[in-house]
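Report on the following structure.
Since the structure is predicted, the reported quantities are computational estimates derived from the model, not experimental observations.
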Amino acid sequence: MNVLPAGEASLAKNESTEMKVLNVGDPIIFEWKLQEQHGIFGIRLDRCSAETEDGKGVKIIENGCSLDDELISDAQSSQDFSRIYANSLAFKFPEDHLVFIRCEVRTCVKRMEHLEVIDGEEEDLCSMDQGCGVLPSRNRRQLNSSSRTDIIFVNGRFRVEKHRGFEHLRTPSKGIPDASFCMPDVIYYVGLGTVILCYLITISTTIVYKFGF
């Protein structure tokens, strides 16, 4: 699995962003691919979650379908099913700037003439159609990964630039998740000091006026 800058050129060059520092909202591409192309087998994306280093997070893809259209697109396969990719925007968790993407990928059999599936299911065949968006509840077929032997666990990660200040003060931006407004420390402490000073002056004035000191 790779995390790449958005654009066809990055897919061709395979320029990973793992060592680069991103900004919230930067367009990126998640890519899953076979190490070597195979004439019979391809890959399918089952599910992915975005997590912190200690494993806390949220599921973002189920059965190749996005669970949050503003965060990530549905997965798309190449014509030979050797590569899967999804478009996204760089995001982060409130207290963590390193985001881990943990996914389950499995092999599938390419459709060929006169191919007959024996002791298998239709979902074992590679397909361009994930069935996303067919129903309001999306495609929610569940797979028991613990009972399958063809599940491959892959991980990717990216780092988002750290900003000083209080990141919970933010203005939502349409189409950009976690678009944060960061207040510099100096502004915060100057403002806090001003408020405290005004408070003390008010109390002192009240005491002088009331008791005639």
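Note that the NZ atom of Lys59 and the OG atom of Ser49 stand 8.0 Å from one another [nearest 0.5 Å]. In this structure, the separation between CZ on Phe41 and SG on Cys108 is 9.5 Å, given to the nearest 0.5 Å. Taking NZ from Lys33 and CD1 from Ile43, the interatomic distance works out to 10.0 Å, rounded to the nearest 0.5 Å. From Thr202, atom OG1 reaches atom CG of Leu197 across 9.0 Å, with rounding to the nearest 0.5 Å. Here the CZ atom belonging to Arg44 is positioned 14.0 Å from the CD atom belonging to Glu104, to the nearest 0.5 angstrom. Separation of atoms CD (Glu51) and CZ (Arg157) is listed at 14.0 Å; rounding is to 0.5 Å.
Phe81 and Ile152 end up in different hydrophobic clusters when Ile, Leu, Val, Met, Phe, Trp and Tyr side chains are linked at under 4.5 Å. A continuous path of Ile, Leu, Val, Met, Phe, Trp and Tyr side chains, each step under 4.5 Å between heavy atoms, connects Ile61 with Phe93, placing both in one hydrophobic cluster.
Remark: side-chain polar atoms of Arg106 are not paired, donor with acceptor, to backbone N or O of Asp124 under 3.5 angstrom. Of the possible donor and acceptor atoms, one in the side chain of Asp26 sits under 3.5 Å from a partner among the backbone N and O of Asn23. The backbone N or O of Ile72 sits less than 3.5 Å from a side-chain atom of Ser66, completing a donor-acceptor pair. Between the side chain of Asn63 and the main chain of Cys65, no donor-acceptor pair closer than 3.5 Å is present. At least one donor-acceptor pair under 3.5 Å links the side chain of Thr52 to the backbone N or O of Lys56. Looking only at distances, a side-chain donor or acceptor of Ser88 sits under 3.5 Å from a matching main-chain atom of Leu71.
In this structure, Ile84 and Ala75 approach most closely via the heavy-atom pair CG2-CB, 3.7 Å. In terms of heavy-atom proximity, Ala50 sits nearest to Ile60 at CB-CG2, 4.2 Å. The heavy-atom pair separating Leu34 from Gly42 by the smallest distance is CD1-CA, 4.2 Å.
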Worksheet item: After noting the C-alpha distance and the side-chain angles of Val3 and Ile29, does the key distance pass the side-chain contact (heavy atoms from CB on, under 4.5 Å) rule?
Response: CA-CA 6 Å; Val3 181; Ile29 297 175; over 6 Å; no
Discussion item. Evaluate Gln76 against Met128 for side-chain contact (heavy atoms from CB on, under 4.5 Å), listing each step before the verdict.
Written reply: CA-CA 7 Å; Gln76 302 179 56; Met128 299 292 291; over 6 Å; no
Worksheet entry | Candidate pair Ile151 and Asp46, rule side-chain contact (heavy atoms from CB on, under 4.5 Å), full reasoning | CA-CA 9 Å; Ile151 294 292; Asp46 277 349; 3.5 Å; yes
Worksheet entry | Phe100 vs Glu53, side-chain contact (heavy atoms from CB on, under 4.5 Å): CA-CA, chis, key distance, verdict | CA-CA 7 Å; Phe100 292 85; Glu53 190 171 5; 3.6 Å; yes
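The aromatic rings of Trp32 and Phe30 sit tilted, their planes meeting at an angle between 30° and 60°.
Side-chain contact between Arg83 and Glu31: present, with at least one pair of heavy atoms (C-beta onward) separated by less than 4.5 Å. Between Cys103 and Met1, some side-chain heavy-atom pair lies under the 4.5 Å cut-off. Side-chain contact between Ile28 and Leu4 is absent, with no heavy-atom pair separated by less than 4.5 Å. At least one side-chain heavy atom of Ile40 sits under 4.5 Å from a side-chain heavy atom of Val109. Contact of the Ile196 side chain with the Thr194 side chain is not registered, since no non-hydrogen atoms from C-beta on lie closer than 4.5 Å.
When the side chain to side chain donor-acceptor pair (under 3.5 Å) test is applied to Ser73, no partner is found at least two apart in sequence or on another chain. Applying the side chain to side chain donor-acceptor pair (under 3.5 Å) rule to Ser82 yields the partners Asp80; only residues at least two apart in sequence or on another chain are considered.
Phe158 has its ring centre less than 6.0 Å from the ring centre of Phe91.
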